[in-house]
Amino acid sequence: MAKSAENSSLTSGEVRVRFAPSPTGDLHVGGVRTALFNYLFARHNNGKFLLRIEDTDRKRSTPEAINVILDGLAWLDLLPDEEPVYQSKRIERHIAAAQKMLEDGYAYRCFCTPDELEERRRASGDYMYDRHCLNLTEAEIQQKLADGEKFALRIRVPEGRVSFDDGVHGGMQVACTEIDDFILLRRNGAPTYMLAVVVDDADMGITHVIRGDDHLSNTPKQILIYRALGKRIPEFAHVPLILGKDRKRLSKRHGATSITEYRDAGYLPETMINFLGLLGWSPGDDRDIISRRELIELFDISGIQSKAAVFDDARVRWLNGQYLGMTDYGKVEGKLERLAEDAASAGELTEVPDSKEIKTAWDLLKTRIHFLNDLFTDCRYMFRDPDVYDGKGVRKHFLQNGVVDHLQVLADDFSSLGDFRAASVEAAIRKRAEEWEVSTGKLIHPLRLACSGVTGGPGLFEMLEALGRDTVVRRINNALNWIKSLNNK
RNA sequence: GGCCUCAUCGUCCAGUGGUUAGGACACAGGGUUUUCGACCCUGCAACGGGAGUUCGAUUCUCCCUGGGGCUACCA
């Protein structure tokens, strides 16, 4: 009673799922979501999450693209539990399966050339194969073989109907008359996708096929192959595709679609897991922040939405801001240091700040930014003196009576302050405001503009402390000079 | 064209045979006597249309419309 290796996992009841992308350039966020659902399902059921690279289309598949997939999954900590399976290395298995189907009468040779097929299709207006070669006699077949005619292998679709239960869509039923005698093996001997998936999924012991909705219509065809091969048919769950704002399938023209672009734009892995996990799935309540741990704990196929979801950039952006605000410096230190170097070489910063400076800025600003990069672009005043002052701010806060005197005195006050902590700075400023009988805002706004060049940002006192006394005094003096030169014109 | 599938605010996600149909993003207004793309509050805003079942349908059924998918010797 020896069990074959390929079936042991099925009989043991272990859940085995897979993500099966084709390496054609990038790792699409839609693909990532499919991978995530598979991963979550596997983890929830203590099963295995596998990866199969569908690289049989040699023209479009490249080694670089395979690395893109691996890198993307690694970034999200979604790496498979076993070595990836490369479909291109399994062609012998596919061919053997097709051969078996031919021998068992589930497939037949088709000698029609593509040109002939197209011509007949056009003439009849019928899209399906006319079964021309199914009616060939054995003698005719032998003759053609002897003549060296090339042939493809087609499945012989049986009578009746195919039905299955889809985890998302429920009961599905298709009449076999709707199914074409599709090709299993091309005239050049190469297996088609339809054959390869089934053989691979069967060999990998896949118990649950969770994949994109675009395969829903292919499923009956694949079930026919499972039947012909005598393999156990897995459970299916077809996840609706992700759409762009115009409700068209999400693609390049909608902007960023590859996970790499999101990573490079400053999104955190946690953001993407959270966002994608809740796009088309929900635990049944209305939460919108959820951890990977909770996702694993709560995930089930019945929670998958049956309608397609639109990818909303504004929402991911917001979510990323939420995550940044919860993130300790240590977690993003490396990334920020790299970004700082990039910003310096791009001219955003005049020099590369050290880790301590970056941490100070991070702690002060992490709740107000949406992307890691924002720290070195919008908030670059934390690292370099402003070389330009916001125009509206200048009119409102610089070109007012007394501003120059105020700033001058304040700079002196700061220089002689016992310490430069926020509380001391605040006390000094409030004291002067009272003395001069002006609102605190009259001093705060010009100071902010002088020290940051912009009119928005964190609380002023904290910001000044973070910048440090020397920087603050220097920037005030710079601003003073700038205002004076303006007045002289 | 044929087949499959889907349908709650602009978007994401809840929800029920009887609810003021809820939360979030976005947007708008207000607040924060220290600003702001941060935070707080408020507001705007949906059950696609038509039949049927039912005492009663957003919820169940059918049709229509609209969206998406498949229909390759691509995957």
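Below, chains carry the letters A, B, ... as their sequence lines are ordered, and counting in each starts from 1.
Between F236(A) and Y226(A), the angle of the ring planes goes over 60°, which puts this pair in the perpendicular group of the 30/60° scheme. The aromatic rings of F37(A) and F299(A) sit tilted relative to each other, their planes meeting at an angle between 30° and 60°.
As judged by a 4.0 angstrom heavy-atom cut-off over every strand, L278(A) is placed among residues touching the sugar-phosphate backbone only. Counting any heavy atom pair closer than 4.0 Å across all strands shown, S22(A) reaches sugar-phosphate atoms only and no base atom. If you check every strand for non-hydrogen atoms under 4.0 Å, H215(A) touches a base. In this structure, L117(A) reaches the bases: a heavy-atom distance under 4.0 Å links it to at least one base atom across the strands shown. Q322(A) comes within 4.0 angstrom of the backbone, heavy atoms only, and of no base. Using a 4.0 Å heavy-atom cutoff across all strands shown, G125(A) reaches no nucleic acid atom at all. Using a 4.0 Å heavy-atom criterion, one finds that L279(A) contacts the sugar-phosphate atoms exclusively. Note on G441(A): only backbone sugar-phosphate atoms sit closer than 4.0 angstrom, heavy atoms only; bases stay farther off. Residue G284(A) is in sugar-phosphate contact alone, with no base atom involved, counting any heavy-atom pair closer than 4.0 Å across all strands shown. C112(A) comes within contact range of at least one nucleobase, with a heavy-atom separation under 4.0 Å.
When each of D214(A), I210(A), L216(A) is checked for a side-chain contact (heavy atoms from CB on, under 4.5 Å) with H238(A), only L216(A) meets the rule. Of the residues listed (L185(A), D203(A), D200(A)), the one engaging H94(A) in a side-chain contact (heavy atoms from CB on, under 4.5 Å) is D200(A), and it is the only one.
Distance L241(A) CG to rC70(B) C1': 11 Å, rounded to the nearest Å. rC12(B) atom P lies 14 Å from atom CG of L276(A), rounded to whole Å. The nearest whole Å value for the distance from the CG atom in D246(A) to the C1' atom in rG67(B) is 11 Å. Residue N274(A) contributes atom CG, which lies 13 Å from atom P of rC13(B) at whole-angstrom precision. For M172(A) and rC3(B), the CE to P distance is 14 Å, given to the nearest whole Å. Distance F275(A) CZ to rA24(B) P: 17 Å, rounded to the nearest Å. Put simply, CD1 on I223(A) is 13 Å from C1' on rC4(B), counting in whole angstrom units. Regarding D213(A), its CG atom lies at a distance of 8 Å from the C1' atom of rG68(B), rounded to whole Å.
In this model, the phosphate group of rA75(B) is approached by a side-chain N or O of T56(A) to a distance below 4.0 Å at OP1 or OP2. One finds no side-chain N or O of T367(A) lying less than 4.0 angstrom from the OP1 or OP2 phosphate oxygen of rC39(B). Using a 4.0 Å cut-off, some side-chain N or O of H169(A) falls inside it from OP1 or OP2 of rC6(B). Residue R186(A) has a polar side-chain atom (N or O) positioned under 4.0 Å from OP1 or OP2 of rA75(B). Contact between the side-chain N/O atoms of K307(A) and the OP1/OP2 oxygens of rU5(B) is not found at any separation under 4.0 Å. Not one side-chain nitrogen or oxygen of S217(A) sits closer than 4.0 Å to the OP1 or OP2 atom of rC3(B). Between rC6(B) and Q305(A), no contact under 4.0 Å exists linking OP1 or OP2 to a side-chain N or O.
rU53(B) is unpaired under the criterion used here, namely a Watson-Crick or G-U wobble arrangement in which both key atom distances are under 3.5 Å. Within the shown strands, rC13(B) is the pairing partner of rG22(B) under the Watson-Crick or G-U definition, both distances less than 3.5 Å. Across every strand in view, rA7(B) sits in a pair with rU65(B) that passes the Watson-Crick or G-U test at under 3.5 angstrom. Across all strands shown, rG1(B) forms a Watson-Crick or G-U wobble pair, both distances under 3.5 Å, with rU71(B). Base pairing of rC44(B): no nucleotide in any strand meets the Watson-Crick or G-U wobble criterion (both distances under 3.5 Å). Pairing for rG37(B) is absent, judged as Watson-Crick or G-U wobble with the two contacts each under 3.5 Å.
Picking from rG37(B), rA24(B), rC70(B) the nucleotide with the shortest atom distance to the side chain of D288(A) gives rA24(B). Distance from the side chain of N218(A) is smallest for rC70(B) among the nucleotides rC25(B), rC70(B), rG68(B). In this structure, of rA75(B), rC13(B), rG68(B), it is rC13(B) that holds the atom nearest to the side chain of A309(A). With distances taken from any side-chain atom of Y127(A) to the nucleotides rU71(B), rG67(B), rU11(B), the minimum falls on rU71(B). Checking rA75(B), rA72(B), rU35(B) against the side-chain heavy atoms of R448(A) singles out rU35(B) as nearest. Here the side chain of K221(A) is nearest to one of rU71(B), rG67(B), rC12(B), namely rU71(B). Here the nucleotide nearest the side chain of R154(A), chosen from rC73(B), rG37(B), rA24(B), is rC73(B). Relative to the side chain of W318(A), the nucleotides rC6(B), rU11(B), rA26(B) differ in distance, and rA26(B) lies closest. Comparing rA38(B), rG68(B), rG22(B) by their closest approach to the side chain of R249(A) singles out rG68(B). Comparing rU11(B), rA24(B), rG2(B) by their closest approach to the side chain of R247(A) singles out rU11(B).
Look at the P atom in both rC27(B) and rA21(B): the space between them is 27 Å, to the nearest Å. Look at the P atom in both rC63(B) and rU5(B): the space between them is 12 Å, to the nearest Å. With both ends at atom C1', the span from rC13(B) to rC55(B) equals 33 Å, rounded to whole Å. Annotation: rC41(B) and rA26(B) have their P atoms spaced 14 Å apart (nearest Å). Here, rG1(B) and rU61(B) have their P atoms 26 Å apart, quoted to the whole Å.
Remark: the R287(A) side chain and the rA14(B) base include no donor-acceptor N/O pair separated by less than 3.5 Å. The base of rC36(B) sits with one of its N or O atoms less than 3.5 Å from a complementary donor or acceptor on the side chain of R368(A).
The pair K431(A)-D413(A) fails the salt-bridge criterion, with no side-chain N (NZ, NE, NH1 or NH2) lying under 4.0 Å from an Asp/Glu carboxylate O.
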message: Using the rule given for salt bridge (charged side-chain N to carboxylate O under 4.0 Å, His left out), can you reason through E294(A) versus R292(A), listing the C-alpha separation, both sets of side-chain angles and the distance that settles it, and then say yes or no?
response: CA-CA 5 Å; E294(A) 294 170 303; R292(A) 175 188 296 246; over 6 Å; no
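Between the side chains of D363(A) and Y329(A), not a single donor N or O lies within less than 3.5 Å of an accepting N or O.
At a threshold of 4.5 Å between non-hydrogen side-chain atoms, the residues Q222(A) and N218(A) count as touching. Looking only at side-chain heavy atoms (C-beta outward), W482(A) and V394(A) come within less than 4.5 Å of each other.
When ring centroids are compared, H215(A) and Y193(A) come within the 6.0 Å threshold.
Positionally, the nearest nucleotide of RNA chain B for R33(A) lies more toward the 5' end than for the other of P458(A) and R33(A). In terms of position on RNA chain B, the residue among I369(A) and K245(A) whose nearest nucleotide sits closer to the 5' end is K245(A).
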